[in-house]
Participant: 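Sharing a structure here in structure tokens format.
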There are 2 protein chains.
Amino acid sequence: MPPNTIPRPTESELSILRILWRRGPSTVREVVGELGADTGYTTALKLLQIMTEKGLVSRDDAERTHIFAPAVPEETTQRQLVTDLLDRAFGGSAQKLVLQALAGRKPSKAEVTELRRLLDSLEGK
Amino acid sequence: MPPNTIPRPTESELSILRILWRRGPSTVREVVGELGADTGYTTALKLLQIMTEKGLVSRDDAERTHIFAPAVPEETTQRQLVTDLLDRAFGGSAQKLVLQALAGRKPSKAEVTELRRLLDSLEGK
DNA sequence: GACAATCTACGAAAGTATTCGTATTAAACG
DNA sequence: CGTTTAATACGAATACTTTCGTAGATTGTC
């Protein structure tokens with residue numbers, strides 16, 4: 001049974017979650033296929049087993065070949081990670097984080113427009 | 001001699017860097033004083049030694065009590081970390097990252113204004 | 001049915017991060 | 001001057017993460 005608090009995924013676990021978010025429910029082999037040649041089959045399997053215990057993924061073992069699906073929403077995890085970084089590296093200043101996230105890139109006009117819209121909606125509350 | 005590429009700080013290392021960025025050059029004892037009671041003296045010392053090898057901090061050992069200073073700028077490290085997270089968790093979409101960073105908070109009017117100014121300056125280029 | 005291929009389980013090895021104990025040395029104090 | 005206090009060095013213990021080898025079971029194939 002998964003713990004009632006879901007831990008922050010490790011680096012490898014996050015790589016796997018990203019695949020599952022994109023592909024949806026997948027077999028170990030399918031996940032391995034997307035991980036790149038540097039990750040062995042049993043390694044990926046073991047990680048998925050650990051992630052199942054942690055409650056990060058769910059497993060359908062009705063068939064012999066198990067099928068794994070993400071058990072945490074992408075957005076929730078993203079927020080968890082960015083909030084965590086916000087505290088750990090930016091002293092909680094979202095402003096500074098946004099500044100560094102956008103610095104050094106040339107955001108497209110569309111992106112800027114979208115971000116402006118985001119600010120509008122935030123202010124609306 | 002420090003390596004010519006400076007690695008991403010670990011979690012503990014980041015805690016120490018944050019203290020050094022805030023306090024400026026500090027002794028081990030001073031750092032320990034701010035780390036909270038859960039970190040022993042020799043632990044902090046060891047971390048600072050490792051960080052010196054990695055080039056994350058510099059050490060002045062002219063006196064018996066050494067003085068450690070950050071060797072990486074706060075902003076550079078922040079950008080390094082946020083860029084890293086951007087790639088690992090957001091598929092490179094700064095927009096989504098900003099969205100999640102601001103979601104669920106009620107940013108002050110001043111913050112929103114500041115962010116708008118940031119967007120303006122980005123667009124100016 | 002026998003054999004090969006494929007899958008899961010699992011413990012252990014390898015790698016990395018953190019904590020700690022102990023030795024040694026230097027300063028401070030009486 | 002001798003003893004206590006405070007500092008660095010460093011190896012080793014612990015913890016966490018990732019990788020791998022091997023065993024056992026099931027499916028597919030000839």
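First the proteins, then the strands, lettered A, B, ... as listed; each starts at 1. All values below were derived from every heavy atom in this structure, side-chain atoms included, with hydrogens, water molecules and symmetry-related copies excluded. These numbers were taken from a predicted model, which means no experiment stands behind them.
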Participant: Determine whether any donor atom in the side chain of R64(A) lies under 3.5 Å from an acceptor atom in the base of dT6(C), or the reverse, and answer yes or no.
Facilitator: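 Answer yes: a donor N or O sits under 3.5 Å from an acceptor.
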
Participant: Quick one: M51(B) CE to dT19(C) C1', roughly how many Å, whole number?
Facilitator: 16 Å

Participant: Which part of the nucleic acid does T43(B) contact within heavy-atom distance under 4.0 Å: base, sugar-phosphate only, or nothing?
Facilitator: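 Base: the residue T43(B), judged by heavy atoms under 4.0 Å, touches a nucleobase.
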
Participant: From CG of L56(B) over to P of dT18(C), roughly how many Å is that when rounded to an integer?
Facilitator: 12 Å

Participant: When we call it a touch if two heavy atoms are under 4.0 Å apart, what does T65(A) touch: a base, just sugar-phosphate, or nothing?
Facilitator: sugar-phosphate

Participant: With salt bridge (Lys or Arg N to Asp or Glu O under 4.0 Å) as the test, pick out the partner of R22(B) among E34(B), E30(B), E74(B).
Facilitator: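 Testing each of E34(B), E30(B), E74(B) against R22(B), the sole residue satisfying salt bridge (Lys or Arg N to Asp or Glu O under 4.0 Å) is E34(B).
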
Participant: Compare the minimum distances between each of dT17(D), dT8(D), dC20(D) and the side chain of K54(A), then state the nucleotide with the smallest one.
Facilitator: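 Closest of the options to the side chain of K54(A): dT17(D).
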
Participant: Check the distance between dA9(C)'s P and Y41(A)'s OH and give it to me in whole angstrom.
Facilitator: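 Checked: the OH to P distance equals 10 Å.
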
Participant: OP1 or OP2 of dA9(D) less than 4.0 angstrom from a side-chain nitrogen or oxygen of R59(B), does that happen here?
Facilitator: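 For R59(B), the contact criterion (side-chain N or O under 4.0 Å from OP1 or OP2 of dA9(D)) is met.
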
Participant: From dT18(D), dA9(D), dA9(C), pick the nucleotide closest to the side chain of T10(A)?
Facilitator: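 Nearest to the side chain of T10(A) among the choices is dT18(D).
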
Participant: Do the side chain of K46(A) and the base of dG11(C) come within less than 3.5 angstrom through a donor-acceptor pair of N or O atoms?
Facilitator: yes

Participant: Grab the CZ-P distance between F68(B) and dA7(D) for me, whole Å please.
Facilitator: 12 Å

Participant: I'd like to know whether R18(B) forms a salt bridge (charged side-chain N to carboxylate O under 4.0 Å, His left out) with D87(A), so could you lay out the CA-CA distance, the side-chain angles of the two residues, the decisive distance to 0.1 Å, and finally the verdict.
Facilitator: CA-CA 11 Å; R18(B) 295 239 294 139; D87(A) 291 340; over 6 Å; no

Participant: Using whole Å, report how far CD of E30(B) lies from P of dA6(D).
Facilitator: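 The distance from CD of E30(B) to P of dA6(D) comes to 15 Å, rounded to the nearest Å.
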
Participant: What's the verdict on side-chain contact (heavy atoms from CB on, under 4.5 Å) for V82(A) and L97(A), showing C-alpha distance, side-chain angles and the deciding distance?
Facilitator: CA-CA 9 Å; V82(A) 79; L97(A) 182 141; 4.2 Å; yes

Participant: How many Å lie between CG on D38(B) and P on dC20(C), as a whole number?
Facilitator: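 Going from D38(B) (CG) to dC20(C) (P), I get 9 Å.
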
Participant: Pick base, sugar-phosphate or nothing for E11(B), based on heavy-atom distances below 4.0 Å to the nucleic acid.
Facilitator: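 Contact class for E11(B): sugar-phosphate only.
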
Participant: Specify the separation, in whole Å, of atom CD1 of I50(B) and atom P of dC10(D).
Facilitator: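 That distance rounds to 12 Å.
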
Participant: Measure CG/D61(B) against P/dA27(C) and give the value in whole Å, please.
Facilitator: 13 Å

Participant: Counting only side-chain N and O atoms of Q49(B), is one of them less than 4.0 Å from OP1 or OP2 of dA9(D)?
Facilitator: yes

Participant: Nearest-nucleotide wise, let me know which of R29(B) and S12(A) is further upstream toward the 5' end of DNA chain D.
Facilitator: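 That would be R29(B).
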
Participant: Examine I50(B) and Y41(B) and state if one hydrophobic cluster contains both, with Ile, Leu, Val, Met, Phe, Trp and Tyr joined whenever side-chain heavy atoms are less than 4.5 Å apart.
Facilitator: no

Participant: Between K54(A) and T10(A), is any pair of side-chain heavy atoms under 4.5 Å apart?
Facilitator: yes

